[in-house]
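Inspection log for the structure reproduced underneath, given as structure tokens.
Positions are given from 1 along the sequence. Any value given below was found using the heavy atoms of this structure, including those in side chains, with hydrogens, waters and symmetry copies removed.
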Amino acid sequence: MQPIRARVVVKAQAGWMGMGRGAGPKALGFFKILTVFLCTFHTVSSSCKILKCTADYLQATSNPHHHAGPEDTVEICTALRTYAHCSRRTARTCRGDLAYHSTVHGIDDLMSHHNCSKDGPTSQPRIRILPPGDSQERSDSPEICHYEKSFHRPSALPNYTHCGLFGDPHLRTFSDTFQTCKIQGAWPLIDNNYLNVQVTNTPVLPGSIATATSKLTIIFKNFQECVDQKVYQAEMDELPAAFVDGSKNGGDKSGANSLRIIEKVAGQHIEIQAKYIGTTIVVRQVGRYLTFAVRMPEEVVNAVEDKDNQGLYLCLHGCPQNQQIDFRTFHSQAPETGLKRLTSAASSAASFTPQTAEAKCKEKLPVEDLYFQSCVFDLLTTGDVNFTLAAYYAFEDVKLLHSNKNKVHLFERTTGLGPSNTAPSAGVDVPQLLVALVCLIQCCAMLL
């Protein structure tokens with residue numbers, strides 16, 4: 001494997017300021033107890049990585065050269081926000097883990113103790129120091145803010161990948177797997193060292209398990225001399241052509257124009273170009289709902305702090321198996337049976353039969369690939385003709401963004417990714433839990 005370039009190796013920065021005198025004996029005592037508790041309780045849920053978050057935080061805040069000063073609280077809040085972010089990333093694998101939930105409450109208490117806002121900067125990424133004489137990626141060079149120009153590999157361009165989400169919703173991952181998912185509520189599409197993308201899906205009809213994307217949030221993280229942290233948010237009937245702070249580029253840094261928003265069709269279609277990471281994002285509103293498509297270099301896709309604990313990163317791993325819908329099974333059933341399983345509002349969805357749905361989808365999607373099948377599925381489950389356009393525009397975005405034109409059409413739906421991709425249950429091993437609690441009480445008695 002080719003080594004990832006320095007600009008892609010972004011890890012959590014060590015060297016936060018410690019809790020300092022401002023933390024107070026209560027806060028320090030809490031973390032002494034919590035550390036022992038986590039060490040004791042770790043056997044209950046070995047897949048939960050909250051212990052690593054806590055260890056990183058304790059290591060970062062135990063700087064022996066730290067001296068309390070006027071900026072102490074600001075730095076403590078920055079460290080706590082980073083700790084909170086780490087805990088959120090472990091949420092999926094720690095569901096039902098008492099140690100995890102205790103940690104989350106402890107972080108909230110400390111943030112309240114220091115009057116920390118939940119919104120604000122986290123610790124800055126640590127940039128690898130280049131060898132002497134290597135000036136290709138100096139942070140003061142404008143080239144660093146243009147991904148392709150800084151891609152120094154003879155006779156080669158970056159390997160780009162594509163992910164898209166549209167309709168009921170249908171997900172095409174970076175590895176070209178294709179799934180139809182339930183995923184009601186908020187779910188992370190992308191979560192790497194450069195940006196986070198989260199979607200919120202709501203039922204299409206009352207009582208239906210068929211959902212569509214009603215809200216989208218994109219966070220571009222602060223990066224070197226290129227961009228400040230920027231947040232983009234779109235909702236139903238609100239597709240802005242600016243970030244939430246009203247700006248249209250990356251801020252006040254010298255490379256700010258390497259991130260910009262372009263309005264293609266007012267209220268219907270925007271494009272976000274993030275040249276500093278070689279990424280293009282397309283967001284559309286089709287009917288009431290949103291669609292999402294992205295083109296991203298493979299090494300940016302895989303730029304994560306902890307590859308063994310990425311949590312739910314749908315564009316990379318796909319939907320959990322217990323959140324997937326096989327629409328081929330749906331089509332093989334009698335139309336009325338399939339509809340009743342997916343929605344209680346059958347009278348609305350029944351405005352299309354399989355034959356009329358196929359005819360309608362053929363108008364925009366003549367090739368009977370998975371985009372065509374998704375269109376038919378959505379018409380049968382929702383009765384909303386706008387889902388025809390959602391599938392059509394999703395396919396148009398694939399043609400525009402996918403680097404391999406031979407993979408534009410997909411004809412076979414990807415089945416479940418196996419047990420490792422199943423959302424975990426919330427069960428806890430009761431005997432181990434009791435043993436851990438007894439040990440905790442003993443440890444607390446020794447500390448007091």
Side-chain angles (χ1 to χ4, degrees), residues 162-173 176-184 187 189 197 199-205 208-216 218 234-239 264-272 280-295 314-315 319 324-325 327 330-331 339 342-343 345 348-349 351-352 354 356-402 408-410 413:
H162 164 77
C163 176
L165 186 77
F166 68 97
D168 189 8
H170 309 284
L171 173 70
R172 179 170 180 160
T173 71
D176 291 316
T177 61
F178 195 97
Q179 299 166 347
T180 299
C181 309
K182 305 172 190 176
I183 55 173
Q184 183 172 335
W187 292 76
L189 275 182
V197 181
V199 293
T200 300
N201 301 309
T202 54
V204 174
L205 295 169
S208 173
I209 64 169
T211 63
T213 302
S214 57
K215 184 177 181 180
L216 172 74
I218 307 172
E235 299 185 52
M236 289 192 301
D237 300 320
E238 186 178 352
L239 188 69
K264 297 291 188 177
V265 180
Q268 297 180 35
H269 179 192
I270 65 103
E271 184 177 295
I272 304 177
T280 301
I281 294 174
V282 175
V283 183
R284 300 177 186 266
Q285 173 156 331
V286 184
R288 298 179 59 218
Y289 300 103
L290 304 172
T291 70
F292 170 86
V294 63
R295 179 180 188 256
L314 299 188
C315 275
C319 298
Q324 296 179 31
I325 300 172
F327 55 65
F330 168 83
H331 285 314
L339 288 172
L342 289 172
T343 177
S348 174
S351 58
F352 282 95
T356 58
E358 289 178 2
K360 186 64 180 178
C361 292
K362 279 274 188 178
E363 295 175 7
K364 290 288 187 181
L365 298 161
V367 178
E368 293 188 15
D369 60 2
L370 287 174
Y371 290 90
F372 170 83
Q373 294 180 37
S374 298
C375 173
V376 173
F377 175 84
D378 290 351
L379 289 184
L380 291 175
T381 55
T382 69
D384 186 348
V385 72
N386 286 304
F387 281 90
T388 303
L389 293 176
Y392 168 74
Y393 285 125
F395 181 68
E396 290 298 303
D397 290 337
V398 172
K399 290 195 294 184
L400 175 68
L401 300 175
H402 205 293
V408 170
H409 290 284
L410 292 177
R413 177 186 178 277

With no hydrogens and no angle check, is any side-chain donor or acceptor of [X] less than 3.5 Å from a backbone partner on [Y]?
X	Y	answer
Glu271	Thr280	no
Gln285	Asp237	yes
Asn201	Ile183	yes

Can you give me the closest heavy-atom contact between [X] and [Y], atom names plus distance?
X	Y	value
Leu379	Cys361	CD1-SG, 3.7 Å
Lys182	Gln324	CE-O, 4.3 Å
Ala293	Leu401	CB-CD1, 3.7 Å
Leu239	Ala234	CD1-CB, 3.7 Å

Are any non-hydrogen side-chain atoms of [X] and [Y] less than 4.5 angstrom apart?
X	Y	answer
Cys163	Leu171	yes
Ser374	Phe166	yes
Ile218	Val197	yes
Val204	Thr381	no
Val367	Phe372	no

Legend entry - side chain to side chain donor-acceptor pair (under 3.5 Å) partners of Lys215, counting only residues at least two apart: none
Distance from [X] atom [atom1] to [Y] atom [atom2], nearest 0.5 Å?
X	Y	atom1	atom2	result
Leu165	Thr213	CG	OG1	4.5 Å
Leu290	Arg284	CG	CZ	12.0 Å
Leu380	Thr356	CG	OG1	7.5 Å
Gln179	Thr173	CD	OG1	6.5 Å
His170	Cys181	NE2	SG	9.5 Å
Leu370	Phe377	CG	CZ	12.5 Å

Inset, instruction - Would you confirm whether the ring centroid of Tyr371 sits within less than 6.0 angstrom of the ring centroid of Phe178? - result: yes
Legend entry - More than 12 heavy atoms of other groups within 6.0 Å of Lys360 NZ: no
Legend entry - Stepwise side chain to side chain donor-acceptor pair (under 3.5 Å) check, His162 with Asp397: CA-CA 10 Å; His162 164 77; Asp397 290 337; over 6 Å; no
Legend entry - Chi angles and distances behind the side-chain contact (heavy atoms from CB on, under 4.5 Å) call for Asp369, Leu410: CA-CA 6 Å; Asp369 60 2; Leu410 292 177; 5.8 Å; no
I'd like a table of donor-acceptor pairs (distance under 3.5 Å, sequence neighbours excluded) in which one partner is a side-chain atom from residues 386-396, with atom names and distances.
{"unit_1": "Asn386", "atom_1": "ND2", "unit_2": "Asp384", "atom_2": "OD1", "d": "3.1"}
{"unit_1": "Thr388", "atom_1": "OG1", "unit_2": "Val385", "atom_2": "O", "d": "3.3"}
{"unit_1": "Glu396", "atom_1": "OE2", "unit_2": "Lys399", "atom_2": "NZ", "d": "2.9"}

